[in-house]
J.: 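First the structure, then my questions, so here it is.
Numbering starts at 1 and runs along the sequence shown. This structure is a prediction, so every number in the text was calculated from the model and none was measured.
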Amino acid sequence: MEVTARTRVAGVIGDPVRHSLSPVMQNAAFEAAGLDWVYVAFEVPRGSGARAVAAMGELAIAGLNVTMPHKAAAASACDELSAAAARLRSVNTVVLREDGTLYGDSTDGEGLVRSLAEEGVELEGRLVLVIGAGGAARAIVPSLDHAGARVTVSARRPEAADEAVVLTGGATAAYEQLGDAVVEADVVVNATPLGMAGEPPPFDPDRLEPRHTVVDLVYDPAQTPLIEAAAARGSRAVGGLGMLVHQGALAFTLWTGEEAPLDAMREAASRALTERS
Ligand code: NAP
């Protein structure tokens with residue numbers, strides 16, 4: 001692909017940002033879709049997120065992804081927010097619209113729901129236990145609820161679990177009795193970063209059964225201790241790569257108005273992860 005003076009620019013802002021898979025994934029998507037776009041990573045220090053988003057108009061940056069620590073600041077810099085982003089006061093995607101206004105969305109929750117649908121995981125009427133109550137958990141809980149799941153959140157800080165379910169009418173489960181909540185659930189979603197450091201889940205994996213679907217939002221490494229334990233117990237195991245691809249695909253469509261080339265995105269992200277390990 002040749003970058004010219006006409007090439008449109010999209011990117012990701014974050015700090016740190018050099019580990020991001022989004023440039024590899026989105027550039028593969030632009031290429032597969034035959035679009036004259038390029039995607040770059042901008043290392044923007046804490047405190048400068050809102051100014052970076054506001055500068056999109058000046059620099060004609062057509063789209064941005066937003067990662068830690070700028071998600072709330074980026075939301076405050078947008079002229080209009082999707083319902084999901086307004087609820088969370090947090091955005092991971094910003095679109096520079098033709099009239100110069102900035103539209104913010106949060107695509108993580110819908111990204112997870114789409115990745116589970118792709119895997120054939122039924123959510124309607126099923127009991128989904130979300131472990132952890134940070135940014136990712138807060139983003140996915142309303143989307144799981146909207147998809148018809150009965151959602152329970154369990155986190156080491158009970159007040160954070162309360163905040164994560166407050167808008168859904170969902171329940172919370174005591175962290176001290178997490179194993180019992182796992183047994184009751186149909187789908188167990190680990191929304192803590194424990195797997196990134198190779199740490200085991202905060203419950204005894206022997207409580208898992210073949211009827212469980214186990215989801216780890218972590219995608220690097222692909223084989224987290226939870227994913228390995230779930231597979232060993234005969235449970236269905238789903239890693240975080242599908243969510244990453246689908247949240248990115250939703251952003252791609254918001255920026256370009258075109259359907260995202262999912263296979264190209266998945267392949268690029270997966271190749272980059274393999275090369276890293
Ligand atoms: P976060 O905002 O920092 O929240 C992390 C949550 O995990 C908090 O509830 C935190 O509890 C809890 N936690 C952290 N360490 C723990 C421990 N040792 N024991 C028990 N609980 C612990 O992070 P996040 O943004 O929600 O991200 C969570 C994970 O999801 C990350 O690994 C991230 O890479 C992954 N993720 C994946 C995707 C994807 O596309 N696949 C998208 C978003 C996030 P405290 O609040 O008490 O610290």
Side-chain angles (χ1 to χ4, degrees), residues 68 88 108-109 111-113 115-244 247 273 277:
M68 294 290 287
L88 297 163
D108 276 341
L112 174 67
V113 167
S115 86
L116 293 180
E118 189 178 62
E119 294 279 337
V121 177
E122 184 63 49
L123 290 172
E124 178 79 48
R126 300 191 78 201
L127 190 54
V128 179
L129 171 66
V130 176
I131 303 170
R138 286 198 304 275
I140 64 175
V141 164
S143 302
L144 291 166
D145 176 71
H146 193 247
R150 294 175 292 134
V151 185
T152 297
V153 176
S154 186
R156 63 182 175 181
R157 288 186 303 112
E159 67 278 15
D162 287 341
E163 272 174 40
V165 291
V166 75
L167 293 174
T168 65
T172 58
Y175 194 66
E176 297 69 33
Q177 273 99 48
L178 188 55
D180 295 340
V182 166
V183 171
E184 274 176 39
D186 301 307
V187 181
V188 177
V189 181
N190 182 20
T192 75
L194 282 163
M196 283 172 87
E199 290 180 40
F203 63 88
D204 179 0
D206 284 351
R207 307 294 296 267
L208 291 171
E209 297 167 21
R211 60 174 192 82
H212 281 116
T213 295
V214 177
V215 184
D216 201 332
L217 299 193
V218 170
Y219 52 81
D220 186 12
Q223 294 299 314
T224 62
L226 175 58
I227 291 287
E228 283 170 353
R233 298 282 304 161
S235 309
R236 173 128 189 231
V238 180
L241 185 66
M243 174 175 169
L244 178 81
Q247 62 78 30
L273 277 175
S277 60

J.: Check this for me, if you would: do Arg207 and Asp180 make a salt bridge, where the nitrogen-to-carboxylate-oxygen distance has to be below 4.0 angstrom?
T.: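 Salt bridge: yes.
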
J.: Closest heavy-atom contact between Pro221 and Gly195?
T.: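 Shortest heavy-atom separation between Pro221 and Gly195 comes out as CD-O, 3.5 Å.
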
J.: Between His212 and Gly234 (side chain of the first, backbone of the second, donor and acceptor by atom type, cut-off under 3.5 Å), is there such a pair?
T.: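 No, because the side chain of His212 does not come within donor-acceptor range (under 3.5 Å) of the backbone of Gly234.
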
J.: Has the side chain of Glu184 got a donor or acceptor atom that lies under 3.5 Å from a matching backbone atom of Ala181?
T.: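 It does not hold such a pair.
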
J.: Only one of Asp186, Val188, Val187, Leu123 clears side chain to side chain contact (heavy atoms under 4.5 Å, CB included) with Thr213; which?
T.: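 Passing option: Val187.
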
J.: Before you tell me yes or no, could you show the steps for Met196 and Asp220 under side-chain contact (heavy atoms from CB on, under 4.5 Å), namely the whole-Å CA-CA distance, both residues' side-chain angles and the distance that decides it to 0.1 Å?
T.: CA-CA 6 Å; Met196 283 172 87; Asp220 186 12; over 6 Å; no

J.: Do Glu119 and Arg236 come within less than 4.5 Å of each other through their side chains, counting heavy atoms only?
T.: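 They are in side-chain contact.
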
J.: Do Asp145 and Val128 touch side chain to side chain, with heavy atoms closer than 4.5 Å?
T.: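 In short, these two side chains do not touch, never coming nearer than 4.5 Å.
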
J.: Ignoring hydrogens, what is the shortest heavy-atom contact between Ala147 and Val113? Give both atom names and the distance.
T.: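 The answer is CB-CG1, 4.1 Å.
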
J.: Any side-chain heavy atom of Val130 sitting closer than 4.5 Å to one from Ile140?
T.: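 The answer is yes; the side chains approach within 4.5 Å.
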
J.: When rounded to the nearest 0.5 angstrom, what distance separates CG in Asp206 from CD in Glu209?
T.: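 Reported to 0.5 Å precision, the distance equals 11.0 Å.
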
J.: Name all residues meeting the side-chain contact (heavy atoms from CB on, under 4.5 Å) criterion together with Ala174; count only those two or more places apart in sequence or in a different chain, and write none if there are none.
T.: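 Residues passing side-chain contact (heavy atoms from CB on, under 4.5 Å) with Ala174: Glu176, Gln177.
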
J.: Out of curiosity, Arg157 CZ to Asp162 CG, how far, rounded to the nearest 0.5 Å?
T.: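 One finds 11.0 Å between CZ of Arg157 and CG of Asp162.
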
J.: Looking at Thr168 and Pro142, what are the two nearest heavy atoms and their distance?
T.: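 For Thr168 and Pro142, the tightest heavy-atom pair comes out as CG2-CA, 3.9 Å.
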
J.: To the nearest 0.5 Å, what is the distance between OG1 (Thr224) and CG (Asn190)?
T.: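 Going from the OG1 atom of Thr224 to the CG atom of Asn190 covers 7.0 Å.
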
J.: Minimum heavy-atom separation for Ala137 to Gly132, with atom names?
T.: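 The answer is CB-O, 3.2 Å.
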
J.: Would you check if Leu217 and Leu112 make a side-chain contact, meaning some heavy-atom pair closer than 4.5 Å?
T.: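 Leu217 reaches Leu112 side chain to side chain.
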
J.: Do the side chain of Arg138 and the main chain of Ala164 share a donor and acceptor less than 3.5 angstrom apart?
T.: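 No; judged by distance alone, with no hydrogens or angles, the pair does not exist.
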
J.: Can you measure from CG (Asp216) to OG1 (Thr192) and round to the nearest 0.5 angstrom?
T.: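 It is 7.0 Å, given to the nearest 0.5 Å.
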
J.: So, for Ala171 and Val165, which heavy atoms are closest and what is the spacing to 0.1 Å?
T.: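 In terms of heavy atoms, the two residues are closest at O-CG1, 3.5 Å.
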
J.: Check the pair Thr172 / Ser154 against side-chain contact (heavy atoms from CB on, under 4.5 Å), numbers first and verdict last.
T.: CA-CA 6 Å; Thr172 58; Ser154 186; over 6 Å; no

J.: Please assess Leu129 against Leu178 for the test side-chain contact (heavy atoms from CB on, under 4.5 Å), listing each intermediate value before the final yes or no.
T.: CA-CA 10 Å; Leu129 171 66; Leu178 188 55; 4.1 Å; yes

J.: Under 4.5 Å between any side-chain heavy atoms of Val215 and Leu116, yes or no?
T.: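 They are in contact (side-chain heavy atoms under 4.5 Å apart), so the answer is yes.
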
J.: Nearest 0.5 Å, please: how far is CZ in Arg150 from CD in Glu124?
T.: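 Reported to 0.5 Å precision, the distance equals 10.5 Å.
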
J.: Are side-chain heavy atoms of Pro201 and Leu194 found at a separation under 4.5 Å?
T.: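 Contact flag for Pro201/Leu194 side chains = no.
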
J.: Identify the heavy atoms of Ala230 and Ala237 that sit nearest to each other, and give their distance.
T.: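 Where Ala230 meets Ala237 most closely, the heavy atoms are CB-CB, 4.1 Å.
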
J.: Using 0.5 Å steps for rounding, measure from the CZ atom of Phe203 to the CG atom of Leu226.
T.: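 Between Phe203 CZ and Leu226 CG, I get 5.0 Å after rounding to 0.5 Å.
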
J.: Any non-hydrogen side-chain atom of Ile131 less than 4.5 Å from a side-chain atom of Pro202?
T.: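 Side-chain contact under 4.5 Å: yes.
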
